[in-house]
Amino acid sequence: MVENGFQSSFMQEAAARGFIFQCTDPAALDDAMAKGSVAAYIGFDPTADSLHVGSLIQIMMLRLLQKHGHRPVALMGGGTARIGDPSFREEARRLMTEETISANLAGIEGCLRQFLAFGGGASDAILANNADWLDKLAYIDLLRDVGVHFSINRMLSFDSVKNRLDREQGLTFLEFNYSILQSYDFRELNRRHGVVLQLGGSDQWGNIVSGVDLVRRTDQKSVMGLTTPLLTTSSGVKMGKTANGAVWLSEARLPVFDYWQFWRNTEDADVGRFLRLFTDLPLEDCARLESLQGADINEAKKILATEATALCHGHEAAQAAAQAARQTFEEGKLTAADLPVHTVPQAMLAEGVPVFRLFVEAGLAKTNGEARRLVRGGGARVNNAVVQDENGVIAEKDMVEGAIRLSSGKKHHVLVKVG
RNA sequence: GGAGGAGUGCCCGAGUGGCUAAAGGGGGCGGACUGUAAAUCCGCUGGUGUACGCCUACGUUGGUUCGAAUCCAACCUCCUCCA
């Protein structure tokens, strides 16, 4: 463990909680943070209108900065979005329209506001958008100003690039330029807001180091980089994937109940790590909860779920989700309030609707076929009764306490109401 | 610019004229066992109000054929070597 030897409260806590993977100059960073407030940034690409759990470690890092009196800067990749991040290959290459980008920016900003305090104070967070400067860039100027400081030899030596070449994956010029633009962002934020630290996932190391170099060469200033570890669950799966894709942070994309469930279902081996990274609980509490054995660790998971959910959706919503879970899983209550609700038109239930269709309607299956398969596999339940006939009809008579509860498996529940 | 190789479902990957909605694995979903965990075992894993029907799918477009992921042509993209 590298957790001691740091003087600044931020570095001590960040290290102890497991946020630090690599740092360009730990001693200098520690020093700067011990002396005063430091501004640090992380970039977010507006590829969707919400962030998801994959970005959460970065957000928590910004939060930690704020807690220790430093200034977090969230940089929106509004400019780079118009190029399309090439690292996603095929998928992300479709170009986004201006409207999509600005809608996504607004959505992401909403996510960030849950976690950070924005404003004009010393440790208030700042939202920046690289479109503000990238849109104005002239190619030749960029090449002369920034391009000269990039050595192809050097770039080829970066792991991120080398791997691609070794695997015969091919690397486009565009992608190559990505690190130039990112470096340019760093310098711009340094000039505009005095940002001296760039944070990111471990995959960003090469780009971050490039930025550090650029600022040193052109501005003779020493800035730093710090990366977080790549998060996988203990069974080696990349974190944050679930039935319907990503675990989103915005309620519009993922009901609070489901967000709470995501954390509740953490593997035993990850509980301690996640408590330290994704909650504000004191380290002693994390250690105590982590050490619970056997079924007792479920208590720790509930605390993890409620704490993590509170950070994202607020205490009330988190408590409500916890209670809904308790009623549903422990007390076997059929229609606990605060389960995700899906409303359907009155007419639909008046006429009666085939079960499989209602499951699709409620979002528990993506297609009719998937819903039918769910029923055939014995995983579909209506009001807790296993559905036998996929074509069976559901109607108003099936309402219990004003709702019909649909379940996919043991964990996914939706209340269907008329609205 | 020249020569050679490659492009298959969410991912990896087999398949070289009909038995192919396409082996196998991963991932995902469901079931069993548990502790709403992990591990293990079992089932499912294009769409379509289910239909040995129709539609979509083996880079793109066209062609050969009763029939094409499979053969031919052109094109696109990627890789390797040469200039």
Side-chain angles (χ1 to χ4, degrees), chain A residues 86 88-93 163-175 232-247 257-275 289-306 309 321-333 336 339-340 348 351-361 363-382 384 386-394 406-413:
Chain A
F88 286 107
R89 294 194 275 285
E90 336 266 344
E91 260 300 313
R93 248 177 220 167
N163 290 344
R164 288 287 290 277
L165 296 178
D166 290 348
R167 279 162 49 208
E168 301 182 358
Q169 283 279 335
L171 190 67
T172 65
F173 185 64
L174 182 67
E175 192 160 14
T232 54
T233 69
S234 289
S235 357
V237 185
K238 198 169 176 184
M239 195 178 158
K241 295 283 176 184
T242 186
N244 304 314
V247 179
F257 179 81
D258 292 327
Y259 189 77
W260 193 92
Q261 282 299 315
F262 167 75
W263 294 104
R264 173 64 242 264
N265 287 304
T266 299
E267 296 178 27
D268 288 8
D270 291 324
V271 170
R273 202 158 51 109
F274 287 3
L275 279 166
L289 291 167
E290 180 180 23
S291 67
L292 292 173
Q293 292 300 310
D296 287 341
I297 204 165
N298 281 325
E299 289 311 311
K301 292 184 189 180
K302 288 178 203 166
I303 293 172
L304 167 65
T306 304
T309 304
Q323 186 184 325
R326 191 164 50 246
Q327 293 178 338
T328 304
F329 289 98
E330 293 172 24
E331 297 163 16
K333 192 164 183 253
L339 281 178
M348 188 179 248
E351 290 164 21
V353 98
V355 211
F356 74 89
R357 204 174 196 61
L358 195 57
F359 268 80
V360 175
E361 179 69 27
L364 288 172
K366 287 200 267 311
T367 62
N368 293 346
E370 191 177 304
R372 288 176 190 280
R373 272 179 242 128
L374 182 68
V375 172
R376 283 175 208 166
R381 280 170 298 147
V382 171
N384 244 358
V386 174
V387 178
Q388 303 295 340
D389 177 9
E390 63 201 54
N391 291 312
V393 172
I394 303 294
L406 303 186
S407 312
S408 160
K410 298 218 159 52
K411 298 180 189 171
H412 300 108
H413 308 285

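Any value given below was found using the heavy atoms of this structure, including those in side chains, with hydrogens, waters and symmetry copies removed. Every chain is numbered from 1 and lettered A, B, ... according to where its sequence line falls, protein lines coming before strand lines.
- Within the 4.0 angstrom heavy-atom criterion, base atoms lie near A:Ala325.
- Here B:C52 sits opposite no nucleotide as a Watson-Crick or G-U wobble pair (both hydrogen-bonding atom distances under 3.5 Å).
- Separating the C1' atom of B:G53 from that of B:U40 is a span of 41 Å, rounded to the nearest Å.
- Picking from B:G35, B:A38, B:U36 the nucleotide with the shortest atom distance to the side chain of A:Lys411 gives B:U36.
- Of the listed nucleotides (B:G35, B:G49, B:C29), B:C29 has the atom at the smallest distance from the side chain of A:Leu374.
- The A:His412 side chain lies nearest to B:G30 when the options are B:G35, B:G30, B:G31.
- Using a 4.0 Å cut-off on heavy atoms, the residues of residues 326-333 of chain A that approach RNA chain B are A:Phe329, listed by number.
- Base pairing of B:C44: its partner is B:G28, meeting the Watson-Crick or G-U wobble criterion (both donor-acceptor distances under 3.5 Å).
- When both pairing distances are held under 3.5 Å, B:A73 makes a Watson-Crick or G-U pair with B:U61.
- Nearest approach of A:Val360 to A:Lys366, heavy atoms of both residues: CG1-O, 4.2 Å.
- With distances taken from any side-chain atom of A:Asn265 to the nucleotides B:G31, B:U36, B:G49, the minimum falls on B:U36.
- At a threshold of 4.0 Å, the pair A:Arg373-A:Glu370 does not count as salt-bridged, since none of the basic side-chain nitrogens sits closer than that to a carboxylate oxygen.
- In this structure, A:Arg264 reaches the bases: a heavy-atom distance under 4.0 Å links it to at least one base atom across the strands shown.
- Counting only heavy atoms from C-beta on, A:Arg373 has its side chain closest to B:G46 among B:U50, B:A37, B:G46.
- Taking atom C1' on both nucleotides, B:A6 is separated from B:U70 by 16 Å, rounded to a whole Å.
- Between the side chain of A:Asp268 and the base of B:G35, a donor-acceptor pair under 3.5 Å is found.
- Across B:G30, B:U36, B:A37, the shortest atom-to-atom separation from the side chain of A:Ser408 is found for B:G30.
- Applying the 4.0 Å criterion to OP1 and OP2 of B:C10, one finds that A:Lys366 has every side-chain N and O outside that range.
- Taking only side-chain atoms of A:Asn368, from C-beta outward, the nucleotide of B:U50, B:A37, B:U48 with the closest atom is B:U48.
- Regarding A:Glu390, its CD atom lies at a distance of 10 Å from the P atom of B:A51, rounded to whole Å.
- Comparing B:U50, B:U48, B:G35 by their nearest atom to the side chain of A:Arg372 picks out B:U50.
- Among the nucleotides B:G49, B:U50, B:G47, the one closest to the side chain of A:Thr367 is B:G47.
- Atom name P, nucleotides B:A69 and B:U61: the rounded distance is 14 Å, in whole Å.
- Nucleotide B:G9 has no partner under the Watson-Crick or G-U criteria, as no pair reaches both atom distances under 3.5 Å.
- Ring geometry, A:Trp263 versus A:Phe274: the interplanar angle exceeds 60°, so the pair is classed perpendicular (tilted spans 30 to 60°).
- Under the Watson-Crick and G-U wobble criteria, each requiring two contacts below 3.5 Å, nucleotide B:G4 is paired to B:C79.
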